[in-house]
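Heads up: the structure comes next, in structure tokens.
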Amino acid sequence: MSPLRRLGLIAAVIGTVVLMSLTANAATATWTVMPDDQSATADGLSAVSCPSVSFCLALGSNGPEPESFQWNGSSWALSARIGQEDESNLNGISCMSATYCLAVGWNFYHGSTAAAWLWNGSSWSNLTAYNPATKWNSLNAVKCVSASYCEAVGSYSKYEGFGQHALAEVWNGSTWTGQPVNGAKGPVPGVLDAVACASASRCEAVGGGLAAGWNGTKWSPQKLPAVNGAQLHGVSCYRTGCTAVGTSSTGTGGIATLAETWNGARWALQSPVGSGNVTGAVNTIWSAVHCGSASNCTVVGEWDSASNNYTLAETWNGSKWVEDTTPSPGSGGHHLTALSCTPGTQVCTAVGWTGGTGPILAERN
């Protein structure tokens, strides 16, 4: 009996809702390169947010100039200018709609300060971000729960880039306010690279070997499982918890995959370290994650052979990681750096770079 016929029989017995859940959890995806027009060229894309299937904004750069790119449902094109040439670095974006997006990064021109920009549907405006130090501040990621509540994270240093500490701040729709990330001995050392929020009173942020949680009142550092060379790069939250992904050391000089879960009380390994490694790869790197639930996640990144690197996407079905099919166009190196899955759909968009200025790299499952 064919798999489709078996699924049909199951649906007749236990209902369409359960069938949809099974297929969503079990299926892996085939990704395709999204079309773009001739204006969409970049050295690489660092962030993307897709509030609908027909609209995405992505951030990147073309030489010294920071740029934003817009997906209109049929192709990518260069969008309105953002940031200042030679000076702005664009790291994270979160869109509530096609007319409301918040982007974050840092601006060397203004003394290495944390920076933020607001998209109104046609243009970007510069916002004054919170900076705990006079220099060496950076925002790396942002997540909006609503137009009046967005959390951004990054790092700051009072010692010319050395001795970095975790930075968190909140946007209320009109101003940024700092939120201390303190432990028993004061400000928590480290850099936060990703943030996810299930609500305005429940957020998780990760970076390197650091995790911190927001309970609506304060940020607190959290203990992570002991993993050799752990580096967390992405996090996604859902109703029952959060999943963070990144890399670990193989012990033989290579890089292996790492996934950990937060259940509201503690972090634990989601699966054995390296369980998402590509067979025969020297390195397997996870950069970003989206989870609909604890048993349905998508990650993107790259895998490396001895001579080149290639795009990577994998699906967690509740028991194992399964590699998706992703294209690696051209002959250069490839890496998927950021991921956005449109709410209420199974549609995910990933962006990254292909090694050198050329057509932007954007793929969709």
Side-chain angles (χ1 to χ4, degrees), residues 4 7 11 15-36 45 47-59 69-77 92-102 119 121 141-147 150 194-199 234-243 245 286-301 311-318 321-327 336-352 360-365:
L4 289 177
L7 287 176
T16 303
V17 173
V18 175
L19 174 61
M20 290 176 65
S21 176
L22 285 173
T23 56
N25 287 343
T28 58
T30 296
W31 297 67
T32 58
V33 174
M34 301 170 73
D36 58 72
L45 299 178
V48 64
S49 184
C50 301
S52 71
V53 173
S54 60
F55 176 83
C56 301
L57 274 182
L59 306 178
F69 299 88
Q70 181 174 328
W71 170 255
N72 63 9
S74 59
S75 68
W76 285 95
I93 187 171
S94 183
C95 296
M96 294 302 302
S97 69
T99 58
Y100 194 96
C101 299
L102 202 62
W119 170 259
V142 62
K143 177 61 179 179
C144 293
V145 175
S146 68
C150 302
V195 63
C197 297
S199 68
V235 63
S236 178
C237 290
Y238 34 87
R239 185 178 59 84
T240 59
C242 304
T243 296
V245 301
W286 284 344
S287 298
V289 60
H290 173 84
C291 298
S293 67
S295 60
N296 184 7
C297 298
T298 298
V299 296
V300 297
T311 60
L312 174 66
E314 298 186 59
T315 301
W316 172 252
N317 62 17
W321 287 98
V322 181
E323 187 178 349
D324 293 344
T325 301
T326 59
L336 295 175
T337 56
L339 173 69
S340 179
C341 298
T342 302
T345 74
Q346 294 291 322
V347 178
C348 295
T349 302
V351 300
I360 67 171
L361 177 59
E363 301 183 4
R364 177 167 279 183
N365 65 2

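The analysis underlying the following values was restricted to heavy atoms, covering all of them including side chains, and did not include hydrogens, waters or symmetry mates.
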Output all residues satisfying side chain to side chain donor-acceptor pair (under 3.5 Å) with T326, sequence neighbours left out; order by chain, then residue number.
-> T311

Residue set satisfying side chain to side chain donor-acceptor pair (under 3.5 Å) with S74, at least two apart, ordered chain then number -> N72

Results of side chain to side chain donor-acceptor pair (under 3.5 Å) for S75 - residues two or more places apart only | none

Residues at least two apart in sequence or cross-chain that pass side-chain contact (heavy atoms from CB on, under 4.5 Å) with A77, listed by chain then number, are D37, S39

Kindly check if C242 and C237 bring their SG atoms closer than 2.5 angstrom.
-> yes

CE of M96 to OG of S49: how many Å apart, nearest 0.5 Å?
-> 9.0 Å

Just how far is it from atom CD of E363 to atom OG1 of T32, taken to the nearest 0.5 Å?
-> 8.0 Å

Side chain to side chain, V48 and F69, heavy atoms closer than 4.5 Å | no

Full working for side chain to side chain contact (heavy atoms under 4.5 Å, CB included) between T345 and V53 | CA-CA 8 Å; T345 74; V53 173; 4.2 Å; yes

For W321, ring-ring contact (aromatic ring centres under 6.0 Å, His included) partners two or more places apart = W286, W316

Does S287 use its side chain to pair, donor to acceptor, with the backbone of G234 at less than 3.5 Å?
-> no

Separation of T349 OG1 from W71 CH2 (nearest 0.5 Å) | 8.0 Å

Min side-chain heavy-atom separation T298-Q346 under 4.5 Å | no

Determine if the SG-SG distance between C95 and C56 falls under 2.5 Å.
-> no

What pairs with S97 under side chain to side chain donor-acceptor pair (under 3.5 Å), at least two apart in sequence or on another chain?
-> T99

The reported gap from CG in L59 to CD1 in I93 (rounded to nearest 0.5 angstrom) is 4.5 Å

Just do the side chain to side chain contact (heavy atoms under 4.5 Å, CB included) check on C50 and R364 with the steps written out, would you?
-> CA-CA 11 Å; C50 301; R364 177 167 279 183; 4.3 Å; yes

